[in-house]
Peer 1: 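I have a structure I would like to understand better, so I am pasting it below and will then ask my questions one at a time.
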Amino acid sequence: MPEKTLSFFENSLTQLDNASKVLELDPSIHKMLKKPERVLTVSVPICLDDGTTEVFTGYRSQYSTARGPAKGGIRYHPNVSLDEVIALSMLMTWKCALVGIPFGGGKGGVVCNPKEMSENELRRMTRRYTVGILPIIGPEQDIPAPDVYTGSREMAWIMDTYSMMKGYSVPGVVTGKPLNIGGSLGRNIATGRGATFVLFEALKHFNMSPSNVTCAIQGFGNAGSVAAFFLHEIGSKVIAVSDSKGAVYNKEGFNPNKVMEHKQKTGSVVDCEGCETISNSELLELECDVLMPAALENVITKENATNINAKIVIEIANGPTSSEADKILYDRDVFLVPDILANAGGVTVSYFEWSQSLTGWLWTEEEVLTRLEKIMQQGFRDALKVSKEKEISMRTASQVFAIDRVADAIKTRGLFP
Ligand code: GLU
């Protein structure tokens with residue numbers, strides 16, 4: 001019989017089981033942590049520009065609210081599924097716990113292809129989806145944010161729809177909002193910057209200097225491009241970047257700003273002057289110091305894990321490595337900083353934004369970035385300590401540390417009724 005490939009949620013459950021074993025977790029808490037607290041499926045009918053009606057499907061999963069309101073993004077993608085949304089909401093739970101911000105974990109998504117929709121169609125879909133999930137979101141319940149193919153524009157629509165329904169402005173209902181309606185300075189660069197802060201900690205651990213390293217970045221969206229620009233600025237060699245259409249490579253390094261200009265002109269990074277065009281899978285196997293998968297999940301699998309030629313992998317995307325690949329990389333001594341740590345910068349600044357929205361007290365960008373750096377450094381040190389003490393991978397160590405915090409909150413609150 002052919003080996004069954006695990007679904008993303010099954011993969012995440014395997015990781016939970018591994019961490020629970022290390023922790024010798026109380027079996028009843030382990031049982032509770034295997035299931036999402038609440039999941040909502042909504043139908044999203046809208047009128048398309050041509051006058052016909054289309055009915056999309058949307059989801060919102062609240063995995064845990066033990067440590068605070070559910071928190072996590074909303075993605076628009078044709079491959080969104082309930083399994084994926086639940087898995088991602090589980091990862092959000094560990095992520096918030098790991099970096100010590102007072103949130104649980106949530107995630108949402110709509111099955112659609114935003115690249116084929118007009119702005120008006122996207123606006124109607126976002127507003128109708130918001131009304132669908134309205135009973136379970138709110139500043140004290142569940143706070144959405146941007147994720148794959150959503151950004152500040154969609155957050156503004158969600159904030160406005162929610163506010164219209166309530167009859168007053170509720171900026172705390174989403175994060176990642178535009179600045180002029182209560183967004184936070186630094187939120188748009190937070191995920192990319194956060195990833196570079198943990199990369200610097202990893203480099204320190206190996207006595208390597210950021211100005212000497214070569215980096216390949218898969219994905220050139222909000223998070224990947226910010227990391228690329230910043231690394232280039234501080235003197236690292238960015239040798240490859242990619243988007244869904246392909247990748248560009250130059251082993252001497254290049255200026256990612258030039259690639260962005262090319263992408264803005266042509267719609268893709270491919271064929272950028274001064275670089276060789278290669279495929280996304282070739283990018284993943286390039287010889288480099290640092291590989292940053294910053295696109296979608298499941299790109300490093302048991303098929304290509306033995307060909308990964310990077311010393312350090314920083315998972316900017318959520319779930320880019322399968323469980324099988326994880327083990328292969330660990331056995332091959334590849335130092336992997338897992339998603340729940342590497343991309344926690346986004347939700348950390350979301351927390352800063354939410355605090356600002358609730359208090360009305362605005363922070364400077366310097367305050368935001370200084371606090372972000374401290375939180376990311378602490379997260380890395382906490383995970384590294386557990387990894388060394390227990391001789392386990394950084395992934396399992398990050399989960400052990402995070403799950404312990406969630407379990408502790410559940411124990412302290414006690415089981416209702
Ligand atoms: N979508 C981002 C993540 O996966 C940000 C979530 C948030 O800010 O709530 O971490």
Side-chain angles (χ1 to χ4, degrees), residues 8 12 59-65 67-77 80 84-110 133 137-152 154-155 158-159 171-178 182-184 186-195 197-198 219 221-224 226-227 293-297 314-320 337-358 368 372 375-376 379 398 402:
F8 187 18
S12 311
Y59 306 106
R60 184 75 190 168
S61 164
Q62 297 173 345
Y63 203 83
S64 166
T65 56
R67 299 184 63 260
K71 184 82 191 85
I74 288 173
R75 62 172 58 181
Y76 290 169
H77 196 274
V80 163
E84 178 194 60
V85 167
I86 295 175
L88 290 165
S89 66
M90 182 206 263
L91 291 185
M92 285 308 301
T93 309
W94 312 150
K95 193 184 297 182
C96 295
L98 174 59
V99 290
I101 56 178
F103 288 132
K107 199 75 158 204
V110 180
I133 62 168
I137 61 169
E140 264 107 35
Q141 278 174 278
D142 181 355
I143 307 116
D147 199 79
V148 175
Y149 293 133
T150 59
S152 58
E154 285 74 15
M155 297 310 116
I158 297 176
M159 182 268 202
V173 68
V174 284
T175 57
K177 299 178 289 293
S184 174
R187 177 63 185 85
N188 54 346
I189 57 168
T191 311
R193 263 312 171 85
F197 290 144
V198 291
N222 184 268
V226 167
L296 287 169
E297 55 257 18
I314 306 280
E315 291 188 329
I316 303 188
N318 285 310
V337 181
D339 45 10
I340 59 168
L341 175 55
N343 70 29
V347 74
T348 300
V349 177
S350 276
Y351 164 50
F352 300 161
E353 179 177 331
W354 177 75
S355 316
Q356 293 172 74
S357 292
L358 295 190
V368 167
L372 172 65
I375 289 184
M376 298 305 291
S398 302

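Just so we're clear, the structure is a prediction, and the values are computed from it rather than from any experiment. Every number for a ligand or one of its atoms is a count from 1 in the order of the listing. Quick note: numbers below take in every heavy atom, side chains included, and nothing from hydrogens, waters or symmetry partners.
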Peer 1: How are the rings of Y351 and F103 set to each other: parallel, tilted or perpendicular (split at 30° and 60°)?
Peer 2: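 It falls in the perpendicular class, over 60°.
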
Peer 1: Do V174 and I74 come close enough that some side-chain heavy atom pair is under 4.5 Å?
Peer 2: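 They are not in side-chain contact.
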
Peer 1: Does a side-chain heavy-atom distance below 4.5 Å link H77 with L296?
Peer 2: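 In contact.
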
Peer 1: Please test T150 against R75 for side-chain hydrogen bond (donor to acceptor under 3.5 Å, both in side chains), starting from the C-alpha separation and ending with a verdict.
Peer 2: CA-CA 6 Å; T150 59; R75 62 172 58 181; over 6 Å; no

Peer 1: Hey, are the side chains of Y76 and E154 touching, using non-hydrogen atoms and a 4.5 Å cut-off?
Peer 2: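 The answer is yes; the side chains approach within 4.5 Å.
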
Peer 1: Can you list, by chain and residue number, every protein residue with a non-hydrogen atom closer than 4.0 Å to ligand 1?
Peer 2: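 Its neighbours under 4.0 Å (heavy atoms only) are K71, G72, G73, M92, K95, K107, A145, P146, D147, R187, N318, G346, V347, S350, given by chain and number.
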
Peer 1: For the residue pair S61 and S89, confirm or rule out a side-chain donor-acceptor distance under 3.5 Å.
Peer 2: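 Result is yes, a qualifying pair exists.
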
